[in-house]
Amino acid sequence: MNFGRLSMSQLDSLACKISNLSQLRQFHAQLIQNSLHHHSQWASLLISQCTRLRAPPPYTRLIFDSTPRPDIHVFISMLKYYSNLGSAHFNQVVTLYQKLQCCDLRIGTFVYPVLIKSAGSKGIEFHAHVLKLGLASDPYIRNAIMGLYAKYGPVENARDVFAEMHERTLADWNNMIFGYWNWGNKAEACRLFDMMPERNVVTWTAMVTGYARMKDLENARRYFDEIPEKNVVSWNAMLSAYAQNRFPEEALKLFDDMMNSRDQPNETTWAIVISACSSCGDCSLADSFVQKLNQKRIHLSYFAKTALLDMYAKRGSLQAARQVFDELGVSRNTVTWNAMISAYTRVGDLASARELFDKMLERDVVTWNSMISGYAQNGQSALAIDLFKDMITAADDPKPDEVTMVSVISACGHLGALDIGNWVISIVRKNHIKLSISGYNSLIFLYSKCGSMDDAKRTFQEMTTRDVVSYNTLIAGFAAHGHGMEAVKLLSKMKGEFVEPDRVTYIVILTACSHAGMLEEGWKVFESIKAPDADHYACVIDLLGRVGKLDEAKKIIDDMPKEPHAGVYGSLLNASRIHKRIDLGEFAASTLFELEPHNSGNYILLSNIYASAGRWDDVVRVRELMRKVGVKKATGWSWVEYKGKLHKFIVGDRSHERSDDVYRLLAELGRKMRNSGYMADKTCVLRDVEEEEKEEMVGTHSEKLAVCFALLVTDAEAVIRVVKNLRVCWDCHTAMKMISNLEGRKIILRDNNRFHCFSDGICSCGDYW
DNA sequence: ATAGGGTTAG
């Protein structure tokens, strides 16, 4: 094809048909062949295609740099390109602007809105510049500045700019409404909507999105239905409202309506629909969509392909996800990489996730958040915190946002690391990160896990709006500390404030009752649950079991309408251990050995039941069974947070600098414990057991090492925090009570799912025997 | 104005 003979508009329509990057490269090569690439008009055409196709920055930059005398349009398209990439490219935007100033071009005011938008959150820095140039009254520039404040806050500044306007365009009103929704101010958004002189699709769509974010789907739908002239975006907004709030069926129903309307789906629609399929678990439906698209030869954009990747990842087909990722090749963008990283973290493949993370050149906040939360959700809280430290020390990398903080604060909570948690909170303040409900929820979690219930309560009270998670988290805190009455009070409080309890609420309430021995209240709550599931049964078995009503518990299991799961038998086994019911313990354990043969905890519990009855032959038998099945008790580690550092202990590992002192104190405590009657010298009975195992069976656990360390370093402190990665087992539990009694101090210990506060030989967890 | 990342229990 001879490019020289084609007219501008012909070439323009040719360019629009380019559907992937290799086609773009071919097109580019042909321009070079025809020596057309020096012309600004071609450069700006190419760069706008780069924006559309998400070409990588080096390639786009190459086009720009090989244009000898770029005109204003080239600059504009380059700025728009960066604007599309997000705020991570602020430095390039600044360089571009400086170059533009040197080029002796006539800069029209229309450059500034693009400039401001392309700078993302840092566009604020242009605000002063624009004021200095005396351009602040330009309606387009004002609109851009207001949009900036609406998006990145403070929303009050947006309001001020809006208030100063003499004439307001429809776009100004829309921007302001978006701003109010963005900062959770529903009342103001509605007020503006009602008083504005005219409205368009954008206005209505902003209302739909706003309500959808507040999870108020009824109002979202009401506004959607009222839209006089819908377009693709408004359909997409409503579709995404359903999809994001876990109503995928509704989304698909609406999608049918859309297919029957005059608006046809675009790339974003496909992305939303595919992700709706994946969240309702109907992957075959998604497959049929993909098939239909292939038949119709509709090329999925990188945008929809990312959704497809995500769908495969959620379905657990990691290979399929990876295939999409590899197919995308150069048109992968940060979003694609991020989706692949979270695909790996979702299945717990942290190494592969980290490999991608390290390979990435342009990481945005989401990249960091995906990796940090990946660690946090896979029980690697310490690694999550380490990575967060890397994030804030790395110069070029993005600033943490609220999502980062939620993950990190929660990780601190899981570790019981209050000092580090407080340091994280100081970063929240320093960076002026506004906490939403989730942010406050993570604070409640942190304080509860660290034993600061007063701070947890205070945080809860400071919140203006609370969701069901806020209540659940605080109730869980009360449950862990044995404050049953406060938990039950919160249940009625939330009902009074029209927050609907969910299944987790009932789990934590029942746990609270059971830890506090509140049989009657707990039973009443259980009976009020409309459709109790197996988890709720597990809790109620625990409740009955702990107060000794084991036969009643067994009867409930027999009469369960649903199939009992391992948790139900686990509760029974634990109760049998507490009340030394060998018969029921054996029954529960034998079922559990079938249900989850590789869970070492069940074997240990049964072995402990036998040990407490002095049936040492049976103890040895269980140990042999474990060996036969090939189950090993996982090596546990415990840590203490001291002066902002985590001190980690593993049995047999003496790498800690105070190890000698720790072991000396441990031996001394062991002597005292033996003298006071604990550990009636089981060692001599267990002749056939190997030395290492023997030690473990009589309770040399990592948490004891950690407690000894804490006793050494914190002489006057009343509270010692020890955290452990495993369930605290029977021997250790008793030992902790002894230590707290001997030392006359309160010891707080966390295992991976419970909180133990030992004081005067009593533990708050409900094991009162 | 519409895609990707976050909080709670056992």
Side-chain angles (χ1 to χ4, degrees), chain A residues 174-175 177-178 181 200-210 212 231-241 243-244 266-275 301-307 309-310 333-343 345 364-374 376-377 401-410 413 435-446 448 467-477 479-480 502-512 514 534-536 538-539 542 565-568 570-571 574 727 752-754:
Chain A
N174 288 341
N175 240 338
I177 288 185
F178 163 78
W181 278 120
N200 64 3
V201 209
V202 181
T203 327
W204 297 94
T205 310
M207 296 303 280
V208 172
T209 314
N231 65 11
V232 205
V233 182
S234 30
W235 283 98
N236 288 348
M238 195 63 227
L239 281 172
S240 134
Q244 301 266 313
N266 68 2
E267 298 173 344
T268 306
T269 319
W270 292 118
I272 297 169
V273 170
I274 289 172
S275 71
S301 64
Y302 71 93
F303 205 111
K305 276 194 177 159
T306 305
L309 191 164
D310 191 58
N333 64 355
T334 319
V335 178
T336 330
W337 284 84
N338 294 349
M340 197 64 225
I341 288 180
S342 47
T345 60
D364 65 3
V365 210
V366 179
T367 317
W368 285 91
N369 291 351
S370 305
M371 198 64 232
I372 290 174
S373 74
Q377 286 172 355
D401 67 0
E402 201 211 346
V403 176
T404 327
M405 299 332 252
V406 169
S407 289
V408 178
I409 292 171
S410 148
L435 293 186
S436 69
I437 297 180
S438 309
Y440 280 98
N441 290 349
S442 66
L443 285 178
I444 298 175
F445 178 68
L446 171 75
S448 309
D467 64 5
V468 65
V469 179
S470 323
Y471 281 92
N472 292 352
T473 312
L474 190 63
I475 293 173
D502 63 3
R503 50 183 304 280
V504 177
T505 315
Y506 288 113
I507 291 170
V508 289
I509 286 283
L510 288 174
T511 311
S514 125
D535 289 341
H536 298 122
C539 292
D542 190 63
H565 64 357
V568 177
S571 295
N574 189 43
R727 194 181 281 268
N752 60 351
N753 48 28
R754 225 191 270 164

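We name chains A, B, ... by the order of the sequence lines, and we start the count at 1 in each one.
- Note: NE2 (H565(A)) to C1' (dA9(B)) measures 11 Å, nearest angstrom.
- One can place CZ of R503(A) at 13 Å from P of dA9(B), the figure rounded to the nearest angstrom.
- At a cut-off of 3.5 Å, with distance as the only test, no side-chain donor of N441(A) or N472(A) sits close to an acceptor on the other residue.
- Atom CD1 of I509(A) and atom C1' of dT8(B) are 13 Å apart (whole Å).
- Side-chain N/O atoms of T334(A) and D364(A) include no donor and acceptor closer than 3.5 Å.
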* Structure fact -> In B/S/- notation (B base, S sugar-phosphate only, - none; protein heavy atoms under 4.0 Å), nucleotides 2-7 of chain B written 5' to 3' is BBBBBB
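- Within 4.0 Å (heavy atoms only), N231(A) reaches at least one base atom of the nucleic acid.
- Atoms NE2 (H536(A)) and P (dG10(B)) sit 12 Å apart, rounded to a whole Å.
- Partner of I372(A) under the side chain to side chain contact (heavy atoms under 4.5 Å, CB included) criterion, chosen from T367(A), V406(A), T404(A): T404(A).
- Protein atom CE of M238(A) is 18 Å distant from nucleotide atom P of dA1(B), rounded to whole Å.
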* After noting the C-alpha distance and the side-chain angles of I509(A) and I475(A), does the key distance pass the side-chain contact (heavy atoms from CB on, under 4.5 Å) rule? -> CA-CA 7 Å; I509(A) 286 283; I475(A) 293 173; 3.8 Å; yes
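- Among the heavy atoms of the strands, none lies under 4.0 Å from A206(A).
- Partners of T269(A) according to the side chain to side chain contact (heavy atoms under 4.5 Å, CB included) rule, which considers only residues two or more places apart in sequence or in another chain, are V232(A), N236(A), L239(A), F255(A), M258(A), P265(A), N266(A), V273(A).
- Looking only at atom types and distance, the side chain of D502(A) has a donor-acceptor partner in the side chain of T505(A) under 3.5 Å away.
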